[in-house]
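Shown next, in structure tokens, is the structure this report addresses.
Positions are given from 1, in the same order as the sequence printed here. Every number for a ligand or one of its atoms is a count from 1 in the order of the listing.
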Amino acid sequence: SRSAEQLAWQHAGLSFRNITALAPMVRVGTLPMRLLALDYGADVVYCEELIDIKMAQCQRIVNDVLETVDFVAPDERVMFRTCEREKDRVVFQMGTADPDRALTVAQLVEQDVAAIDVNMGCPKEYSTKGGMGAALLSNPDKIEAILKKLVMGVSVPVTCKIRILPSLEETVSLVQRIEKTGVAAVAVHGRFKDERPRHPVHCDYIQAVAQAVSIPVIANGGSLDLVKTNSDIEKFRKATGTSSVMLARAAMWNPSVFCNQGPLPVEKVMEEYIKYAIRYDNHAFNTKYCLCQMLRDKVESPLGKQVQAAQTNAEISEAYGLQTFYQEIQQDLQAKMAALQSSNQP
Ligand code: FNR
């Protein structure tokens, strides 16, 4: 029988070495943001954390009109929407504390994604109270059980994302134990469980981990003080001694940070974001949320107020002068729906 390590090496799929990734971000990491990050040069894009219990209730539905695959909850909410363009780049991140349920969800989505990631770093109560997220960090047996089950049970690479433990030694030994499960990579957010995003990132911890294991380590946590522009990504890579870097906030504020020709004006980036939101029928509240993150201190400007008042993607389009684009896409989609309906008739 093959060991978990051998299985991990077998994966011909997505490589996590020398990549720059869009970090998993609740509400931010939906399809429009992921596609935009890919356009600007991200190699790998993580979806927002999705909770195993909710995902396990979803149905996989091929959406022929939008040309997407949707995972739809019993209340009709689309929990996860993906498409061909990102299929070999998108990492599905889940919140879980249960190996069997984790595997059920991983098997539900594996044919549509490039890899499966387990969140082991979220310190928020909604995550930790169920034993998920950062709560897993104090339960390495559970970590091992979940990751082993996933590595053996799915055909795509499995990864996890952790925070650092109180000492270097503990952090290194945890990651060495994680490596033995056969995961393809580990993302390390260089902050302790109780540190806030404004605290400086501990590059020395990430570096120690990178030196101690042979799987790719993805450095994370540099957005605030270290990574402001594209060229800073390389500096963060060097400072942590890793082959790969993952960006959350810097990308949320302006996803063109992935673009090595320098950042684009955020106004232009917001327009491109809205176009994807319209094309993929993104939920308007989610579109608004992401635009408000990009507006940052301009969220109370006249444009910001218009965005906040908008209730639909149509109203958001108006705020940016994209009404014509909006109408054209609606016509295209309606024509496609009509064509599909007539071809389905006997
Ligand atoms: C996050 N983070 C996060 N982490 C994770 O593993 N799963 C998630 O769903 C989320 N959600 C999330 C939402 C938002 C709005 C932010 C800002 C952050 C944490 C994130 O991936 C990352 O670890 C930290 O933000 C540190 O990286 P940066 O921001 O310094 O690049």
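The line from CG of L31 to OG1 of T68 is 7.5 Å long, rounded to the nearest 0.5 Å. Rounded to the nearest 0.5 Å, atoms CZ (R17) and CD1 (I218) are 10.5 Å apart. Annotation: the span from Y276 atom OH to R85 atom CZ amounts to 5.5 Å, rounded to 0.5 Å. Rounding to the nearest 0.5 Å places CE of M33 at 14.0 Å from SG of C47.
Taking only nitrogen or oxygen atoms, main chain and side chain alike, A248 reaches within less than 3.5 Å of ligand 1. Here's the thing with M246: none of its N/O atoms is less than 3.5 angstrom from an N/O atom of ligand 1.
Two residues are said to be in side-chain contact when any heavy atoms from C-beta on lie closer than 4.5 Å; E49 and M94 fail this criterion. For the pair M55/V109, a side-chain contact is recorded, criterion being any heavy-atom separation below 4.5 Å from C-beta on. A heavy-atom distance below 4.5 Å is found between the side chains of F92 and V105.
Using 4.0 Å as the threshold, G221 has a heavy atom nearer than that to some atom of ligand 1. Within the structure, the closest approach of C122 to ligand 1 does not fall below 4.0 Å when heavy atoms are considered.
Using a 4.0 Å cut-off to heavy atoms of A23, the atoms of ligand 1 that qualify are 21 (O). Of all atoms in ligand 1, listed by their number and element, those nearer than 4.0 Å to a heavy atom of N119 are 5 (C), 6 (O), 7 (N). Remark: ligand 1 atoms within the under-4.0 Å shell around heavy atoms of G222 are 30 (O).
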Exercise for the section: With ring pair (Phe, Tyr, Trp, His ring centres under 6.0 Å) as the test, would you mind laying out the steps for F192 and H202 before giving the verdict? Expected result: CA-CA 9 Å; F192 304 113; H202 301 276; 4.7 Å; yes
Practice task
Could you walk me through whether E84 and E67 pass the side-chain contact (heavy atoms from CB on, under 4.5 Å) test, one step at a time?
Solution key: CA-CA 8 Å; E84 192 62 34; E67 296 175 46; over 6 Å; no
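In this structure, atom 21 (O) of ligand 1 lies nearest to the protein heavy atom P24 O, 2.9 Å. Scanning the protein heavy atoms around atom 22 (C) of ligand 1, the nearest turns out to be N220 OD1, 3.2 Å. In terms of protein heavy-atom proximity, atom 16 (C) of ligand 1 is nearest to M25 CG, 3.8 Å. In this structure, atom 31 (O) of ligand 1 lies nearest to the protein heavy atom S223 OG, 2.5 Å. Ranking protein heavy atoms by distance to atom 29 (O) of ligand 1, first place goes to R249 NE, 2.6 Å. For atom 15 (C) of ligand 1, the closest non-hydrogen atom of the protein is M252 SD, 3.9 Å.
With a heavy-atom cut-off of 4.0 Å, Q93 touches ligand 1 through its side chain alone. Counting heavy atoms under 4.0 Å from ligand 1, residue H189 touches it through the side chain alone.
For atom 5 (C) of ligand 1, the nearest non-hydrogen atom from the set E49, Q293, R191, K161 comes from K161. The heavy atom nearest to atom 11 (N) of ligand 1, considering only V188, V26, V257, is found in V26.
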Output side-chain donor-acceptor pairs under 3.5 Å for residues 253-266, partner residues at least two apart or in another chain, one line each.
residue : atom : partner : partner atom : Å
N254    : OD1  : S256    : N            : 3.0
N254    : OD1  : S256    : OG           : 2.7
N254    : ND2  : L264    : O            : 3.0
S256    : OG   : L264    : N            : 2.8

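Counting only residues at least two apart or on different chains, the side-chain hydrogen bond (donor to acceptor under 3.5 Å, both in side chains) pairs with a member in residues 241-252 are T240-T242.
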